[in-house]
Amino acid sequence: MTSPSDAPSSDWLVADELAPAMTGTLAPLYEAAATGVLALPFCDDCGTPLELEQDLCDRCASGSVVWRQVEPVGVVHAVTTVHRREPGLTRPSDHPYHVIDAELACGHRLVLTTDRPTDVPPAIADPVRIGFRTVGGTVLPAVAPTTTVRGASAPGMPAELDNPETT
């Protein structure tokens with residue numbers, strides 16, 4: 001896994017000026033990521049995983065949110081490979097980038113890209129590990145490409161997420 005200290009000073013995909021602010025609702029995500037930890041929101045009353053900016057639990061209607069460290073593993077739910085680069089949004093490159101919808105072992109779903117350029121996207125149901133990339137000083141979660149053989153477990157992967165035929 002790529003740790004924040006291993007991250008290059010300039011992101012491979014977007015310019016530093018596109019970095020999100022490290023304040024506001026997502027501050028706990030960025031603060032944890034800066035230390036190499038993935039933290040995500042949960043309902044403090046019933047434990048339901050919440051969307052990143054969700055402030056009211058769908059299950060129990062509580063407004064009490066707590067951010068917890070989670071295991072940075074999951075499976076690919078969907079992936080889109082983007083070949084077109086947008087001036088002013090992405091850095092010029094001859095290589096595509098991948099937008100990955102990952103279902104994490106903790107129950108959250110994140111949409112992110114890879115922590116470094118790769119021509120080969122993960123496939124649906126592939127196990128993934130979440131690493132980090134740095135954009136303008138803000139550390140962001142990103143899929144860390146693996147050399148895992150398809151069908152093999154990512155470390156810490158619950159059995160029900162490791163076998164897509166059982167979900």
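Nothing fancy with the numbering, it's 1 onward along the sequence.
For F42, the ring pair (Phe, Tyr, Trp, His ring centres under 6.0 Å) partners at least two apart in sequence or on another chain are H108.
The local environment of CG in D94 is sparse, with at most 12 non-hydrogen atoms from other residues, nucleotides or ligands closer than 6.0 Å. Open room surrounds CZ on R59; 12 or fewer heavy atoms of other groups in view lie less than 6.0 Å from it. By the neighbour-count criterion of 12 heavy atoms within 6.0 Å, atom CD of E51 is sparsely surrounded, having that number or fewer from other residues, nucleotides or ligands.
Using modelled atom types, one side-chain atom of T113 and one backbone atom of H98 make a donor-acceptor pair closer than 3.5 Å.
Counting only heavy atoms from C-beta outward, the side chains of R85 and S93 approach each other to under 4.5 Å. Side-chain atoms of R68 and C106, non-hydrogen and from C-beta on, never get closer than 4.5 Å to each other. Annotation: side chain of V73 is not in contact with side chain of P127 (no heavy-atom distance under 4.5 Å).
Under a hydrophobic clustering in which Ile, Leu, Val, Met, Phe, Trp and Tyr are joined whenever their side-chain heavy atoms come within less than 4.5 Å, directly or via other members, I100 and V111 fall into the same cluster. Under the 4.5 Å side-chain contact rule for hydrophobic residues, V128 and V82 share a cluster. Note on L56: it does not cluster hydrophobically with V66, by side-chain heavy-atom contacts below 4.5 Å among ILVMFWY residues. Hydrophobic cluster membership differs between V120 and V99, with clusters built from Ile, Leu, Val, Met, Phe, Trp and Tyr side chains linked at under 4.5 angstrom.
Heavy-atom minimum distance, A78 versus I124: CA-CG1, 4.2 Å. Taking each heavy atom of C60 and C57 in turn, the nearest pair found is N-SG, 3.4 Å. Residues V76 and A123 come closest through the heavy atom pair CB-O, 3.3 Å. Between P121 and V79, the closest heavy-atom pair is CB-CG2, 4.1 Å. Shortest non-hydrogen contact noted between R133 and A142 is CD-CB, 3.7 Å. Closest approach of V14 to D11, counting heavy atoms only: N-OD2, 3.0 Å.
A distance of 7.5 Å separates OG1 of T114 from CG of L13, quoted to the nearest 0.5 Å. In this structure, CG on L40 lies 13.5 Å from CZ on R109, to the nearest 0.5 angstrom. For the atom pair C43 SG and L50 CG, the distance stands at 6.0 Å (nearest 0.5 Å). Distance check: L29 CG to L110 CG gives 8.0 Å after rounding to the nearest 0.5 Å. Put simply, CD on Q69 and OG1 on T35 are 7.5 Å apart, with the number rounded to the nearest 0.5 Å. Once rounded to the nearest 0.5 Å, the distance linking CG of L140 with CD1 of I130 reads 12.0 Å.
The ring-ring contact (aromatic ring centres under 6.0 Å, His included) contacts involving residues 59-97 comprise nothing, where partners must be two or more places apart or lie in separate chains.
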Side chains of residues 17-26: which donor-acceptor partners sit under 3.5 Å, not counting sequence neighbours?
none

